[in-house]
A.B. asks: 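Okay, handing you the structure first.
FYI, the numbering just counts along the sequence from 1. For clarity, every value in this text was computed on a predicted model and none was experimentally measured.
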Amino acid sequence: MPVARQSRSGRPVVGRGDFSPHDLISPRAVRTGSLSVTTCDDLPGRAPVSEAPAHAALLDAMSDGMYVVEPSRRITYWNRAAEAISGFSADQMVGGWCGDGRLNHVNERGVELCGAGCPLVATMTDGRTRSVRVFLHHREGHVRPVHVTAVALRAEDGTISGAVETFRDDSDHRELEQDLRDAEHLALIDPLTGVGNRRSLDRCLSLRLSEWRRDGARFAALVIDVDRFKQTNDTLGHDAGDAVLTVLARSLVHTVRAGDQVVRTGGDEFAVITGPITDDELRSLTERLHVVAANSRYGDVSPLRITVSIGAAMVGVDDDAAALMRHADRQLLRAKRAGRKRGVAEDDASTA
């Protein structure tokens with residue numbers, strides 16, 4: 001066993017050893033009188049706290065925060081990493097009650113865990129080890145993401161005599177998760193217009209089809225094509241063409257209903273996958289999209305009037321994603337053959 005020496009702060013400093021931190025605070029660990037221990041002897045109305053774990057020096061060398069509680073949840077030990085992560089010193093925490101609201105762990109849903117949801121209390125009740133990701137309240141007021149593990153401590157006879165909680169800064173993990181979410185988001189977004197891309201279309205269709213088969217929530221697909229877009233590009237240049245697509249995308253997003261999704265499927269073509277919708281609502285939506293496209297302001301494109309053709313189709317009983325989009329494409333072709341500048345829904349020859 002390493003030999004302890006006293007540090008300037010009264011905490012022992014030792015070299016590394018092959019110890020489990022949970023073994024080190026076991027009641028069966030050998031005690032040593034050479035350790036300087038923070039106690040609450042001088043706190044009024046409180047009994048003295050039992051001496052710190054025998055290997056407190058090793059626990060102080062851990063990068064994970066760690067504290068020990070009695071069954072009453074009174075804190076009997078608080079290591080140096082716990083001070084660094086939480087901002088609370090051992091003098092402030094030892095002898096206190098771990099549920100006094102200072103750390104006040106909350107989960108990702110904002111639920112406070114220092115009451116009935118406390119993992120440490122649950123572990124002292126059934127002896128099971130628990131690991132959760134939570135937000136810890138720092139002494140300065142901000143919260144920090146931490147990964148918490150609660151382990152029961154047992155006496156010689158096997159009864160639970162307390163618990164130890166370790167917690168480590170989880171910022172890197174959460175930053176990685178956010179990076180992955182950001183990357184996934186970017187992979188679903190068309191960089192020019194900011195609406196969904198073809199991958200986003202596939203995901204949305206899959207979701208809507210699942211809802212349709214499970215709940216009978218009938219939805220529709222609309223395919224929108226800019227009329228004579230090549231002429232715009234050839235006459236005014238690709239920058240002007242990009243501006244048309246960007247303005248049109250914004251107009252579509254502001255016109256669809258809540259729950260409808262706008263995507264750019266490529267080139268000058270967009271699609272809208274609706275939420276639950278009726279035939280009348282689909283015809284109305286098709287007309288509105290045509291109107292806003294024709295009346296948006298496209299900057300330098302004013303010499304050319306921008307219009308769109310729209311094909312719309314309701315999902316059918318036997319449709320998969322590809323079949324539904326083929327139905328909408330057929331209606332788009334009907335609209336173009338009828339002279340463009342119009343929207344056509346399946347089995348509907350009306351024009352907008």
Side-chain angles (χ1 to χ4, degrees), residues 1 4 10-12 17 19-86 88-105 112-134 136-137 146-168:
M1 170 179 176
R11 294 179 183 268
F19 299 101
S20 161
H22 303 129
D23 290 339
L24 296 182
I25 44 74
S26 165
R28 288 185 283 275
V30 178
R31 304 282 181 180
T32 172
S34 63
L35 301 182
S36 174
V37 179
T38 303
T39 69
C40 61
D41 292 332
D42 299 328
L43 297 178
R46 285 184 178 159
V49 178
S50 59
E51 62 178 310
H55 300 294
L58 292 179
L59 299 178
D60 264 348
M62 293 170 54
S63 59
D64 287 0
M66 194 204 79
Y67 64 97
V68 182
V69 297
E70 297 175 338
S72 64
R73 297 177 68 183
R74 191 162 60 108
I75 298 172
T76 62
Y77 180 74
W78 188 262
N79 80 342
R80 181 162 304 189
E83 294 181 332
I85 294 172
S86 71
F88 292 102
S89 69
D91 289 336
Q92 292 172 307
M93 298 301 292
V94 170
W97 184 54
C98 73
D100 63 5
R102 278 182 286 188
L103 299 180
N104 196 26
H105 296 342
E112 295 185 2
L113 301 180
C114 283
C118 175
L120 201 60
V121 172
T123 290
M124 286 192 289
T125 301
D126 61 18
R128 294 171 53 195
T129 297
R130 287 172 171 80
S131 292
V132 293
R133 288 193 174 98
V134 301
L136 169 151
H137 282 77
V146 292
H147 187 271
V148 168
T149 300
V151 180
L153 299 177
R154 296 184 182 274
E156 291 285 355
D157 61 2
T159 58
I160 294 175
S161 59
V164 56
E165 179 173 293
T166 60
F167 54 97
R168 67 174 182 271

A.B. asks: For F167, enumerate each residue passing the ring-ring contact (aromatic ring centres under 6.0 Å, His included) test, keeping only those at least two apart in sequence or located in another chain.
C.D. replies: none
A.B. asks: Excluding sequence neighbours, so at least two apart, what forms side chain to side chain contact (heavy atoms under 4.5 Å, CB included) with T125?
C.D. replies: V121
A.B. asks: Give, for atom CH2 of W78 and atom CD of E165, the distance between the pair rounded to the nearest 0.5 Å.
C.D. replies: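 Nearest 0.5 Å value for the CH2-CD distance: 8.0 Å.
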A.B. asks: Hey, does the side chain of R102 reach the backbone of G96 with a donor-acceptor pair shorter than 3.5 angstrom?
C.D. replies: no
A.B. asks: Among residues at least two apart in sequence or on other chains, which ones pass side chain to side chain contact (heavy atoms under 4.5 Å, CB included) with E112?
C.D. replies: N104, V106
A.B. asks: If you look at every heavy atom in M62 and A81, which pair is closest and at what distance?
C.D. replies: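 Minimum heavy-atom contact is O-CB, 3.5 Å.
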A.B. asks: Give me the atom names and distance for the closest heavy-atom approach of P71 to S161.
C.D. replies: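 Heavy atoms of P71 and S161 come nearest at CD-O, 3.3 Å.
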A.B. asks: Look up atom OH in Y67 and atom OG1 in T76, then write down how far apart they are to the nearest 0.5 Å.
C.D. replies: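 Atom-to-atom, Y67:OH and T76:OG1 are 11.0 Å apart.
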A.B. asks: Between atom CD of E70 and atom CG of L153, what is the distance when rounded to the nearest 0.5 Å?
C.D. replies: 11.0 Å
A.B. asks: Decide whether D91 and S89 meet the rule of one side-chain donor and one side-chain acceptor closer than 3.5 Å.
C.D. replies: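 No.
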A.B. asks: Identify, with sequence neighbours excluded, every residue that meets side chain to side chain contact (heavy atoms under 4.5 Å, CB included) alongside R130.
C.D. replies: P119, A122, T123, D126, R128
A.B. asks: Can you measure from CD (E83) to CG (D60) and round to the nearest 0.5 angstrom?
C.D. replies: 7.5 Å
A.B. asks: Any chance you could measure L103, atom CG, to I85, atom CD1, to the nearest 0.5 Å?
C.D. replies: 11.0 Å
A.B. asks: Taking D64 for its side chain and R168 for its backbone only, find out whether a donor-acceptor pair lies under 3.5 Å.
C.D. replies: no
A.B. asks: Taking only residues two or more places apart in sequence, or in another chain, which ones meet S63 in a side chain to side chain contact (heavy atoms under 4.5 Å, CB included)?
C.D. replies: none
A.B. asks: Any idea which heavy atoms bring A163 and L120 closest together, and the distance?
C.D. replies: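 Result for this residue pair: CB-CD1, 3.7 Å.
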A.B. asks: Where the side chain of S86 meets the backbone of A82, is there a donor-acceptor pair that is under 3.5 Å apart?
C.D. replies: yes
A.B. asks: Can you list the residues that meet the salt bridge (Lys or Arg N to Asp or Glu O under 4.0 Å) rule with R73, with sequence neighbours excluded?
C.D. replies: none
A.B. asks: If you take all heavy atoms of M124 and I160, which pair is closest and at what distance?
C.D. replies: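 Reported closest heavy-atom pair: O-CD1, 3.3 Å.
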A.B. asks: NE2/H105 to SG/C98 distance, rounded to the nearest 0.5 angstrom?
C.D. replies: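 Those atoms lie 8.0 Å apart.
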A.B. asks: List the atom of M66, the atom of V164, and the distance in Å for their closest heavy-atom pair.
C.D. replies: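 Closest approach of M66 to V164, heavy atoms only: CG-CG2, 3.3 Å.
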